[in-house]
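Please read the structure below before turning to the comments.
These numbers come from the heavy atoms of this one structure, side chains and all, not from hydrogens, waters or symmetry mates. Positions are given from 1 along the sequence.
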Amino acid sequence: QVQLVESGGGLVQPGGSLRLSCAASGRIFSIKTMRWYWQAPGKQRELVATITSLGRTNYLDSVNGRFTISRDNAKNTVYLQMNSLKPEDTAIYYCNADVDVAGNAKLYQYWGQGTQVTVSS
């Protein structure tokens with residue numbers, strides 16, 4: 001019904017930059033809040049960044065000042081610009097969205113499949 005597909009992950013050296021994208025498709029009337037999570041091996045999934053439909057943003061303290069979340073509503077896409085990357089940023093990154101699929105203001109939450117980001121020299 002609704003699919004979220006992440007892209008842009010890969011291997012980068014410490015101090016480098018990477019930009020992740022997540023595009024939503026399918027039966028969508030509107031998308032409200034969009035989010036990025038990460039999950040490192042052996043750890044729980046953790047919220048990294050949030051952006052509302054009006055553009056209000058929030059960040060995990062450890063990435064604040066280095067990561068920037070943004071969105072393109074016309075493309076149903078959310079981005080995560082990651083600068084000054086550190087080895088501890090290594091994780092699978094997942095996007096997440098609250099979607100009104102029918103235009104009735106009832107929201108459903110969807111997840112992408114994840115994209116691997118590895119920060120290593």
Side-chain angles (χ1 to χ4, degrees):
Q1 186 176 25
V2 175
Q3 300 82 41
L4 303 181
V5 179
E6 301 98 337
S7 62
L11 175 64
V12 64
Q13 294 186 350
S17 297
L18 213 57
R19 190 175 83 148
L20 305 182
S21 300
C22 174
S25 62
R27 194 165 99 95
I28 299 170
F29 181 81
S30 65
I31 301 177
K32 301 304 179 183
T33 301
M34 304 185 82
R35 308 171 184 88
W36 285 98
Y37 289 75
W38 66 17
Q39 187 168 22
K43 296 185 178 180
Q44 289 190 301
R45 194 169 299 185
E46 185 175 26
L47 180 63
V48 175
T50 298
I51 185 166
T52 71
S53 59
L54 297 179
R56 183 178 296 116
T57 60
N58 284 285
Y59 299 92
L60 185 67
D61 284 346
S62 63
V63 309
N64 197 16
R66 299 187 297 120
F67 290 11
T68 302
I69 188 171
S70 61
R71 65 192 289 168
D72 185 337
N73 291 331
K75 297 180 178 180
N76 288 332
T77 299
V78 62
Y79 305 94
L80 187 67
Q81 177 67 47
M82 305 183 293
N83 299 326
S84 301
L85 283 162
K86 304 175 180 179
E88 50 263 46
D89 299 324
T90 296
I92 301 175
Y93 285 69
Y94 298 89
C95 66
N96 165 278
D98 297 334
V99 182
D100 180 351
V101 302
N104 62 2
K106 184 176 182 179
L107 301 180
Y108 296 85
Q109 189 169 100
Y110 294 90
W111 290 88
Q113 295 299 307
T115 186
Q116 176 71 48
V117 172
T118 302
V119 184
S120 177
S121 59

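What you find for Arg35 and Asp98 is that their closest heavy atoms are NH2-OD2, 2.8 Å. Minimum heavy-atom separation, Asn76 to Met34: O-CE, 4.3 Å.
Linking Ile, Leu, Val, Met, Phe, Trp and Tyr residues whenever their side-chain heavy atoms come within less than 4.5 Å leaves Val117 and Ile92 in two separate clusters.
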Between Ile31 and Asn73, is a side chain to side chain contact (heavy atoms under 4.5 Å, CB included) present by the stated rule, with each step listed?
CA-CA 8 Å; Ile31 301 177; Asn73 291 331; over 6 Å; no
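Among pairs with a residue in residues 1-80, those fulfilling disulfide (SG to SG under 2.5 Å) read Cys22-Cys95, at least two apart in sequence or across chains. Among residues at least two apart or in separate chains, ring pair (Phe, Tyr, Trp, His ring centres under 6.0 Å) pairs with a member in residues 6-38 are Tyr37-Trp111, Trp38-Tyr93. Within the structure, no pair that satisfies the salt bridge (Lys or Arg N to Asp or Glu O under 4.0 Å) test touches residues 71-83, not counting sequence neighbours.
Under the side chain to side chain contact (heavy atoms under 4.5 Å, CB included) criterion, Ala49 pairs with Tyr59, Ile69, Leu80, not counting sequence neighbours. Residues satisfying the side chain to side chain contact (heavy atoms under 4.5 Å, CB included) criterion with Tyr108, sequence neighbours excluded, are Val101, Lys106, Tyr110.
Asn83 places no side-chain N or O within 3.5 Å of a backbone atom of Leu85 that could act as its donor or acceptor partner. Although no hydrogens or angles enter the test, the distance criterion places no donor-acceptor pair under 3.5 Å between the side chain of Gln39 and the main chain of Ala91.
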Please tabulate, one pair per line, all N/O donor-acceptor pairs under 3.5 Å involving side-chain atoms of residues 60-68, not counting sequence neighbours.
from  : atom 1 : to    : atom 2 : distance (Å)
Arg66 : NH1    : Ser84 : O      : 3.0
Arg66 : NH1    : Asp89 : OD2    : 2.8
Arg66 : NH2    : Ser62 : O      : 2.9
Arg66 : NH2    : Asp89 : OD1    : 3.0

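The number of heavy atoms from other shown groups lying within 6.0 Å of CD (Gln44) does not exceed 12.
Annotation: side chain of Gln81 is not in contact with side chain of Leu20 (no heavy-atom distance under 4.5 Å).
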